[in-house]
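Everything on this sheet refers to the single structure shown next.
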Amino acid sequence: MVKDLFERIQDNKGPLGKWASQAEGYYVFPKLEGELGPRMTFHGKNILNWSLNDYLGLANHPEVRKADTDAAIQFGAAYPMGARMMSGHTTYHEQLENELADFVMKESAYLLNFGYQGMVSIIDALVTKNDIIVYDVDSHACIIDGVRLHMGKRFTYKHNDLESMEKNLQRATKMAEETGGGILFITEGVFGMRGQQGKLKEIVAMKQKYNFRLLVDDAHGFGTLGKTGAGAGEEQGVQDDIDVYFSTFAKSMANIGAFVAADKTVIDYLKYNLRSQMFAKALPMIQTIGSLKRLELLRNSSSIKDKLWENVNALQNGLKEKGFNIGDTNTCITPVYLEGSIPEAMVMVNDLRENYGIFLSIVVYPVIPKGIILLRMIPTASHTLADIEETLTAFEAIREKLVNGTYKEIAERTTVDVS
C-alpha cells in the first residue's frame with residue numbers, strides 16, 4: 001500500500017517545527033517594524049535590535065538611500081528583464097563585477113542573484129562525479145546543500161581541526177588518484193554562529209603537500225575584516241591563495257545579491273555553467289546600482305569600519321569582564337553561551353524582549369548541542385556605547401534569573417505568553 005506523502009509531514013514537523021505553536025510570530029518569523037537600525041518596533045514596543053545583518057550601518061546611509069531611490073525612479077523594479085545570458089546584461093553589472101574583483105584582489109568576478117543559490121550552484125559547477133569534496137562539518141547550509149548535489153565522494157572534517165583536515169585530505173587524495181579527479185576544499189572565512197575565522201592560513205599551507213583548490217565562503221568577513229575590508233583572506237595574509245572567493249551582499253552591503261571572484265578562466269567557466277544564474281532573471285538594477293554605491297563607501301570610508309570595531313570590542317570586552325562565555329570569536333559575531341533547556345531559553349528571550357526591550361537571535365538544539373543556549377548578537381557601526389551598556393546590564397539580570405532557577409520555574413508552570 002502506498003502511503004500518503006503528507007503523512008510524515010503531519011506526524012513529524014521536524015526539530016524546530018514542533019515548537020511552531022509556541023514560537024511562530026515571536027521566537028521565529030518575528031515582525032520587526034520601522035526604519036532599519038538599532039532601534040525598531042516589535043509587538044508595538046521599542047526594542048534595541050542586535051539581530052540586524054547590517055555590519056557597516058549602510059542600510060540607512062543617506063547616499064545609499066539616494067542611490068537606491070534614483071535607480072528605482074530611473075529603471076523601476078523589473079529592469080533588466082531576462083537572464084544575463086539572454087537579455088539581462090548591462091554595463092552596470094559589468095562595472096560592479098570589475099570593481100568587486102579589484103576590491104577583493106582577484107582577476108575577475110561574476111554577480112549572483114542570491115548568496116544561498118549562488119553557493120549551491122558554484123559547488124555544483126566546479127566538480128564532477130570523479131572529483132572529491134572536503135569541507136568543514138560546521139559549514140553553512142548553502143554549502144551543505146551544494147555538496148548534496150555532488151554525485152561523487154565527499155568528506156567532512158572536524159570544525160577548524162587541522163589534524164582532521166589533513167586526515168581527510170589524505171583520504172581525498174587516495175580517492176582522487178583512483179577516480180582521476182581533483183579535490184575541492186571548502187571552508188568559511190567566518191563561521192556565522194560561533195564567530196570564528198576559518199583557518200585559511202593553515203589550509204593554504206597544506207597546498208604545499210596536497211593538490212587541491214580552495215573555495216571560501218566569506219559572507220561575514222567581506223567588509224569587516226582585513227586592512228581594506230577585503231575579508232578573512234586579507235586579514236590572514238592569504239587572499240592570493242584563495243582559488244575561488246565568494247561573498248554575499250546581505251551582510252556588510254545591506255543589500256540583496258552576491259558575487260564570486262577568481263582567475264578569469266574560472267569565472268568565464270562559471271558564467272556559462274552556473275545553472276542558478278543561467279536560468280534566472282538578472283539582478284535588478286536597484287540592487288546593482290545600489291551595490292556600486294555601497295562598495296564605493298566601503299572602499300573610501302574607513303571610519304565606518306573603525307566605528308564597527310569600536311562597538312565590537314566594547315561589547316565583547318564588556319561581556320568577558322562580566323564573566324560571560326563568548327567562546328573564541330575573533331570577528332564581529334558575538335555569541336553568548338549559557339546553559340539551559342529550550343523552554344528556559346524561550347522564557348529568557350521573552351523576558352529580554354518584554355521587560356528589557358532587547359531583541360536578539362536565540363539558537364538552540366539541533367543547531368547547537370542540547371543543554372546549551374546561544375544568544376547571538378550582531379554589533380553594527382550604527383550601535384552606540386549606550387546601547388552596549390544597556391545590554392550588559394540586562395544580561396547580568398537574565399543570567400541571575402537563569403542560574404537561580406527563575407526561568408526554569410516559569411517554564412515548568414506555564415506556556416510563555418507571546419500574544
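Each residue takes its place number in the sequence, starting with 1.
Contacts of Asp131 classified as salt bridge (charged side-chain N to carboxylate O under 4.0 Å, His left out), with partners at least two apart in sequence or in another chain: none. Looking at residues two or more places apart in sequence or on another chain, you find a side chain to side chain contact (heavy atoms under 4.5 Å, CB included) between Asn46 and Arg39. Residues forming a side chain to side chain contact (heavy atoms under 4.5 Å, CB included) with Ala280 (at least two apart in sequence, or on another chain): Asn113. Checked against side chain to side chain contact (heavy atoms under 4.5 Å, CB included), Phe29 has the following partners two or more places apart in sequence or in another chain: Glu24. With sequence neighbours left out, Thr69 forms a side chain to side chain contact (heavy atoms under 4.5 Å, CB included) with Ile73.
With Phe103 as the aromatic partner, Arg299 does not meet the cation-pi criteria of under 6.0 angstrom to the ring centre and within 45 degrees of the ring axis. Relative to the six-membered ring of Tyr337, Arg194 misses at least one condition, a distance below 6.0 Å or an angle of at most 45° to the axis.
Smallest separation of non-hydrogen atoms from Ile388 and Asn311: CD1-O, 3.5 Å. Here the closest non-hydrogen pair linking Met285 and Thr90 is CE-CG2, 3.6 Å.
Between the side chain of Thr384 and the main chain of Asp387, a donor-acceptor pair closer than 3.5 Å is present.
Note on ring orientation: taking the six-membered ring where Trp is involved, the planes of Tyr245 and Phe259 are tilted (angle from 30° to 60°).
Ring centers of His43 and Tyr26: under 6.0 Å apart, within the cut-off. For Phe185 and Tyr157, the ring centers sit closer than 6.0 Å to each other. Side-chain rings of Phe222 and Phe249 stay apart, their centers remaining 6.0 Å or farther from each other. Aromatic rings from Phe191 and His159 are positioned such that their centres are separated by under 6.0 Å.
Checked for salt-bridge contact, Asp243 and Lys106 miss the test: no charged N lies under 4.0 Å from a carboxylate O.
Counting non-hydrogen atoms of neighbouring residues, nucleotides and ligands closer than 6.0 angstrom, the NZ atom of Lys201 reaches no more than 12 such neighbours.
Applying the ring-ring contact (aromatic ring centres under 6.0 Å, His included) test to every pair with at least one member in residues 270-309, sequence neighbours left out, gives no pairs at all.
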